[in-house]
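Below: the structure, in C-alpha cells.
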Amino acid sequence: MEEITDGVNNMNVADSQKRNRIQVSNTKKPLFFYVNLAKRYMQQYNEVELSALGMAIATVVTIAEILKNNGLALEKKIMTSTVDIKDDSRGRPVQKAKIEILLGKTANFDELMAAAQEEKEAREAAEEQS
C-alpha cells in the first residue's frame, strides 16, 4: 500500500479540476495497482472517476466490478464517447472509444477498509512471530 501512496503523491495531475480521476492503461500497471489506487482515492475524495480509451476499457470495467462486488463502491455515472486521437504513423486522426465510470463510496466503505487493515496487521504480526 505504501508504493500506491507514493504513486498518488508523485502523480502529476493533468486536469487540475479532476483530482480524483484515474486514467487506466492496460499495459503500464497491473490490474490491482489500479484497484488499490481507486480505494485510496475514494478514501481521500469519497468518489473516484475511472477513465480509459480503446482496449483499456475492459480493464476499467473489471476494476469497477471488483470494487462493487467487494462492497466498496457504488456506480454513480457511466459516460461513453469517441475521441479523435492523432496517429503519427498514419498522419490522420483515429477515433477511439472512451469510457468514464464515476464510483462513490458505499455506506460501509470505511468499516470494510478498517477490517482489511486489521487483517493485514494481524497477518504481519503472525509472520513476525513465526
Can you list the residues that meet the side-chain contact (heavy atoms from CB on, under 4.5 Å) rule with [X], with sequence neighbours excluded?
X	result
M79	K77, E100
E118	none
R92	R90
N69	E65

> Would you call R123 and E127 a side-chain contact if the rule is heavy atoms closer than 4.5 Å?
Replying inline: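 When only atoms from C-beta onward are counted, E127 and R123 do touch, with a gap below 4.5 Å.
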Considering non-hydrogen atoms only, spot the tightest contact between [X] and [Y] and give its length.
X	Y	value
A38	L50	CB-CD2, 4.4 Å
K98	I57	N-CD1, 4.1 Å
K28	Y34	CB-OH, 4.4 Å

Which residues pass the side-chain hydrogen bond (donor to acceptor under 3.5 Å, both in side chains) test with [X], not counting sequence neighbours?
X	result
T80	none
E124	none
T62	none
E49	K18, R21

Spacing of [atom1] belonging to [X] relative to [atom2] belonging to [Y], to within rounding of 0.5 Å:
X	Y	atom1	atom2	value
M113	Q117	CE	CD	8.0 Å
K68	N70	NZ	CG	12.0 Å
D84	K96	CG	NZ	12.0 Å
I99	T59	CD1	OG1	11.0 Å

Is there a path of hydrophobic side-chain contacts, each under 4.5 Å between heavy atoms of I/L/V/M/F/W/Y residues, joining [Y] to [X]?
X	Y	result
L74	V61	no
L67	L31	yes
F32	V24	yes
V35	L37	yes
I78	I66	yes

> In chain order, what residues pass the salt bridge (charged side-chain N to carboxylate O under 4.0 Å, His left out) check against K76, with sequence neighbours excluded?
Replying inline: E47
> Residues in salt bridge (charged side-chain N to carboxylate O under 4.0 Å, His left out) with K86, at least two apart?
Replying inline: D88
Side-chain donor-acceptor contacts of residues 102-112 below 3.5 Å, not counting sequence neighbours, with atom names and distances?
unit_1	atom_1	unit_2	atom_2	d
K105	NZ	N46	OD1	3.1
K105	NZ	D110	OD1	3.3
T106	OG1	G71	O	2.7
T106	OG1	N108	OD1	3.1
T106	OG1	F109	N	3.3

> Hydrophobic clusters join Ile, Leu, Val, Met, Phe, Trp and Tyr when side-chain heavy atoms are under 4.5 Å apart, directly or via other members; which others share one with V83?
Replying inline: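 Reading the cluster by chain and number, V83 sits alongside L53, I85.
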> Is there a side chain to side chain contact (heavy atoms under 4.5 Å, CB included) between I22 and I63 once you walk through the steps?
Replying inline: CA-CA 11 Å; I22 300 172; I63 294 164; over 6 Å; no
